[in-house]
Amino acid sequence: EAAVTQSPRSKVAVTGGKVTLSCHQTNNHDYMYWYRQDTGHGLRLIHYSYVADSTEKGDIPDGYKASRPSQENFSLILELASLSQTAVYFCASSRDWGVEQYFGPGTRLTVL
Amino acid sequence: GDQVEQSPSALSLHEGTGSALRCNFTTTMRAVQWFRKNSRGSLINLFYLASGTKENGRLKSAFDSKERYSTLHIRDAQLEDSGTYFCAAPGGYKVVFGSGTRLLVSP
């Protein structure tokens, strides 16, 4: 049974629209992460969280917000989607910082 | 600057053969994680090492923190091994990722 799930698995959005990507984990992990992956590149950290009701900026937070309403759930919010935000987004969780991360299946976002 | 250099960027293997992928780090990392992105786009955990080597089936990984590198060896490659392989390592306050190795296994 998948321990990190994401929804939706794919989405097409219009420029300027609002997009919310959701992530749910059943690992009982404190840390959760949002990454984006662009073709030919590794993953880049957008936001992360180590406790409910708190989020931290990663390496590329501009244009994104995050929300951690509970230990299990972590959302990524694009208030005004732009073409440059077309990418595959991965959510992950880990027990602690710097230890093994477990990834969700990814969400393919296309902004038109 | 980049903290992880992953090589090769692309690799083609015939079934039954093997090769190795490598990640070099510019700073000392305390651990490394290897995973594969399969044809469905999902990231599959392969290994997590803080030191030494680990082996799982036809895959084997090694991590040398002092020498700042990690390797992933694939032997007897199968068609289903095709995909993009990434290394990742926690460095300071963030996890850094290699740019990936696209592996294609052909008959």
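Side chains included, hydrogens not; waters and symmetry mates left out as well; all remaining heavy atoms used. Labels below follow one simple rule: chain letters A, B, ... track the order of the sequence lines, proteins then strands, and each chain is numbered from 1.
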Answer with yes or no whether the hydrophobic clustering places L76(A) together with V111(A); edges join I, L, V, M, F, W, Y residues whose side-chain heavy atoms lie under 4.5 Å apart. yes
Where along residues 98-105 of chain B does a heavy atom come under 4.5 Å of chain A, listed by residue number? G98(B), S99(B)
Taking Y35(A) as the starting point, is it possible to reach Y64(A) by hopping between hydrophobic residues whose side chains are less than 4.5 Å apart? no
Sort by residue number and list every residue of residues 6-13 of chain B having at least one heavy atom under 4.5 Å from chain A. none
Those residues that, when tested against S70(A), pass side-chain hydrogen bond (donor to acceptor under 3.5 Å, both in side chains) (two or more places apart): E72(A), N73(A)
Please answer: with hydrophobic residues joined when any side-chain heavy atoms are less than 4.5 Å apart, are L21(A) and F74(A) in the same cluster? yes
Count I, L, V, M, F, W, Y as connected when their side-chain heavy atoms are under 4.5 Å apart, and connections chain through other members. Are Y85(B) and F25(B) then in the same cluster? yes
State, to 0.1 Å, how close F86(B) and H41(A) come at their nearest heavy-atom pair, and which atoms those are. CE2-O, 3.7 Å
Heavy atom to heavy atom, less than 4.5 Å: which residues from residues 42-53 of chain B reach chain A? S42(B), L43(B), N45(B), Y48(B)
Would one find more than 12 heavy atoms of other residues, nucleotides or ligands at under 6.0 Å from atom CZ of R22(B)? yes
Can you classify the ring geometry of F35(B) versus F103(A) as parallel (below 30°), tilted (30 to 60°) or perpendicular (above 60°)? tilted
Check whether Q37(A) gets within reach of chain B through its side chain, its backbone, both or neither, counting any heavy atom under 4.5 Å. side chain
Honestly curious: do L109(A) and L45(A) fall in one hydrophobic cluster under the side-chain, below-4.5 Å linking rule? no
Restricting to non-hydrogen atoms, name the atom on Q33(B) and the atom on Q101(A) that form the minimum distance, rounded to 0.1 Å. NE2-O, 2.8 Å
For R9(A), is it the side chain, the backbone, both or neither that has a heavy atom under 4.5 Å from a heavy atom of chain B? side chain
Please step through side chain to side chain contact (heavy atoms under 4.5 Å, CB included) for the pair F90(A) and K37(B), ending with a clear verdict. CA-CA 11 Å; F90(A) 287 97; K37(B) 187 178 181 183; 4.1 Å; yes
What part of Y33(A) gets within 4.5 angstrom of chain B, counting heavy atoms only: side chain, backbone, both, or neither? neither
CZ of R95(A): more than 12 outside heavy atoms within 6.0 angstrom? no
